[in-house]
Amino acid sequence: MENKKIRVRFAPSPTGNLHIGGARTALFNWLYARHYKGTFILRIEDTDQVRSTEEAVNVILEGMKWLGLDWDEGPGKEGKYGPYYQMQRLPLYQKYTEELLKNKKAYYCYCTKEELTESRQKRTKEGKPLRYDRHCLNLSEEEKRRYEEEGRKPVIRLKIPAKKIVFNDLLRGEVNFEGELLSDFVIVKSDGIPTYNFAVVIDDALMDISNVIRGDDHISNTPKQILIYEALGFNLPKFAHLPMIMGSDHTRLSKRHGATSVMEYKEIGYIPEAVVNYIAHLGWSSGDEREIFSLEELVKEFSLDKISKHAAVFSIDKLNWFNSEYLKKRSVDSLVKMVIPFLKEANYIKEENLSPVKLEWLKEVIKLMQGRFKNFSQFIDYADYFFVDKIDIEPQAFQSVLNKEGISDILKALKEELSVLKCWDEKSIEDIVREIASSLQIKGGKIIHPIRVALTGKKIGPGLFELIVVLGQEKTIQRLEEAIEKLKVAETKK
RNA sequence: GCCCCCAUAGUCUAGGGGACAGGACACUGCCCUUUCACGGCGGCGACAGGGGUUCAAAUCCCCUUGGGGGCACCA
């Protein structure tokens, strides 16, 4: 066994959000590094000048931070292996390009897009593998000059040896490829910027990456990269290819499947630990029946051999369950803290700095709601009546529960009693409601539901009496009056 | 078309020659209950198919089928 220091990396290209799949790749790399007390590197692969943006870099960094995946080297944490943006590493790539050119392991290619397409079509027709026909492999200096004079800008291709390429994947065992079927692929584009396969190899080698852990969509890139390692005389890292994450229809996870980026989950109101816990279970299991793991526990338990080999379908139901579990375990105080930005966003509060009194009251609201919502957006939805002045009564609730014979009188009676209630506590309120019910010789439930609808506009929610306590006398009376008024209007319309 | 990877319920998974094929989500029945949720106790539901190997196959091998990925001057 090699006693090499573990160095792993997450190398996203900043062309969009940090999506669930990327986040899981990042997480597994991070867990691997932390488990083996190695180094976790974040490298930005921004060689696609058309699609890469600085905004996307920031979103990725934010996402990583939100998930709690800190990096030891990378943007903002320069180490001796930097820089960590590929576009800042151009001279490095150039050096190795020249080396390959000099050794005749790579060559200039002046073929145009049109010419390549044509040749590709021809090969398709002939039933041959789709690979470059090596038109430019042995160009004379004279021919090159002529192309240059035509204004053609060359790319550089790697000359692929016709041999078997075998590598040992840490998850899948031996994987074989036939070099003959590979094309002399481009390693440097005509603008002088290296392609992905070339840049990763140089970076992984120079950054001394010990284990390349990435999605299995890279399996077929691996033989190409191995050829580059060999051409350059670099040592090979170990490879581990993770199964993909897919949408419910078994196609690549995309917008059609709902929220796919990590930050969207933040915005909807998921707890980062829950997201991490869930995506950890997409393809990994501890081997026993536990499901809830903190980051620390994951670090302790994580190992590559417990990763499954087949793709996993992302399930929002299961994420919701994880989030609910975390929500239930969280202290009321921490939930208060987390919910405040959402209240602000919904305009339920003016600013995030709440007075001690307001804060105490909010705590009471959370106590009533804890366990009743799956994420903070849902909380905002379910608990709106605590925060708004005027509620909207759900039409269906109004018709089926409130707009019934005798309800108006009950609400009036309740209003009278509550208006003069001195002792605004659960017991006193319950006594009043129960008394009204028994005086009418009906069950408590019969009048509790309409009262709830009158006060909250909803058919569901916390226990009525505790809810009234927290709602407060003023709002309660006011809502009862409004409900009575609405019933009157409905009556005249009949 | 060619190459590669994969295959236990609707979903995530445990199990890797002898097990009642275990758990979780979802769905569902009952209990608790003023509603919803929580909680408790149940239920439905899987080894893709076919050949081998073996006393014995979900487990090992082969084929088929199915799914996924790749074959770019994207990463």
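Letters go in sequence order (proteins before strands), and every chain restarts at 1.
B:rU59 sits 30 Å from B:rG70 when the P atoms are compared, rounded to a whole Å. Taking atom P in both B:rA48 and B:rC38, one finds a spacing of 33 Å when rounded to whole Å. Nucleotides B:rA57 and B:rG15 are separated by 14 Å at their C1' atoms, to the nearest Å. Comparing the P positions of B:rG45 and B:rG52 gives a spacing of 31 Å, expressed to the nearest Å. Spacing of C1' atoms, B:rA9 relative to B:rU34, comes out at 38 Å, to the nearest Å. Comparing the same atom, C1', in B:rA21 and in B:rA46 gives a spacing of 9 Å after rounding to whole Å. To the nearest whole angstrom, the two C1' atoms, one in B:rC31 and one in B:rG68, are 45 Å apart. Atom P of B:rC4 sits at a distance of 26 Å from the matching atom of B:rC74, rounded to the whole Å.
Scanning atom types as modelled, one donor and one acceptor separated by under 3.5 angstrom connect the side chain of A:Asn221 and the base of B:rA75. Side-chain N/O atoms of A:Lys318 and base N/O atoms of B:rA24 include a donor-acceptor pair closer than 3.5 Å.
A:Pro12 comes within contact range of no nucleotide atom at all, as no heavy-atom separation falls under 4.0 Å. A:Thr47 comes within contact range of the sugar-phosphate backbone alone, with a heavy-atom separation under 4.0 Å but no base atom that close. Across all strands shown, A:Leu464 has heavy atoms under 4.0 Å from base atoms, whether or not it also approaches the sugar-phosphate. Heavy atoms of A:His241 sit nowhere under 4.0 angstrom from any nucleic acid atom. Here A:Thr15 lies out of heavy-atom contact (under 4.0 Å) with every strand. Residue A:Val313 is classed as a sugar-phosphate contact, given heavy-atom separations below 4.0 Å to backbone atoms only. Within the 4.0 angstrom heavy-atom criterion, base atoms lie near A:Gly463. Within 4.0 Å of A:Met369, counting heavy atoms only, lies no atom of the nucleic acid at all. Within the 4.0 angstrom heavy-atom criterion, no nucleotide atom of any strand lies near A:Lys458. Within the nucleic acid shown, A:Gly287 comes within 4.0 Å of sugar-phosphate atoms alone, with no base atom in reach, counting heavy atoms only. Among the atoms of the strands shown, base atoms are found under 4.0 Å from some heavy atom of A:Ser190.
Although no hydrogens or angles enter the test, the distance criterion places no donor-acceptor pair under 3.5 Å between the side chain of A:Arg9 and the main chain of A:Asp203. When atom types are taken as modelled, the side chain of A:Asp46 and the backbone of A:Tyr85 share no donor-acceptor pair closer than 3.5 angstrom. Judged by distance alone, the side chain of A:Asp381 and the main-chain N or O of A:Ser377 form no donor-acceptor pair under 3.5 Å.
Listed candidates were B:rG23, B:rU35, B:rA75. Nearest to the side chain of A:Arg372 is B:rU35. Taking the side chain of A:Asp48 as heavy atoms from C-beta on, and the options B:rU35, B:rC12, B:rC74, the nearest nucleotide is B:rC74. The nucleotide whose nearest atom lies closest to any side-chain atom of A:Trp321 is, among B:rA24, B:rU11, B:rU35, B:rA24.
Note on A:Lys113: every side-chain N or O is 4.0 Å or more away from OP1 and OP2 of B:rA72. Between A:Arg252 and the phosphate of B:rG70, there is a side-chain N or O to OP1/OP2 separation shorter than 4.0 Å. Considering only side-chain N and O atoms, A:Lys374 lies nowhere under 4.0 angstrom from the phosphate OP1 or OP2 of B:rA37. One finds a side-chain N or O of A:Ser285 lying less than 4.0 angstrom from the OP1 or OP2 phosphate oxygen of B:rA14.
B:rU11 and B:rA24 make up a base pair, with Watson-Crick or G-U wobble contacts both under 3.5 Å. Pair check for B:rG39 finds B:rC31; Watson-Crick or G-U wobble, both atom distances under 3.5 Å. The nucleotide B:rC55 finds its pairing partner in B:rG18, both defining distances of the Watson-Crick or G-U wobble pair being shorter than 3.5 Å.
Seen from the ring of A:Tyr326, A:Lys329 counts as a face-on cation partner, given the 6.0 Å and 45° thresholds. Seen from the ring of A:Tyr382, A:Arg372 does not count as a face-on cation partner, given the 6.0 Å and 45° thresholds.
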Open item on the list: One character per nucleotide, please: for nucleotides 3-9 of chain B, 5' to 3', B when the base has a protein heavy atom closer than 4.0 Å, S when only the sugar-phosphate does, - otherwise.
Closed with: SSSSSS-
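Salt bridge annotation for A:Lys328-A:Glu325: present, with a cationic side-chain nitrogen under 4.0 angstrom from a carboxylate oxygen.
Ring planes of A:His281 and A:Phe293: tilted class, angle from 30 to 60°. Between A:Tyr265 and A:Tyr270, the ring planes are perpendicular. Angles over 60° get that label, and only those under 30° would be called parallel. Taking the six-membered ring for Trp and thresholds of 30 and 60 degrees, A:His241 and A:Phe239 have nearly parallel ring planes, at less than 30 degrees apart.
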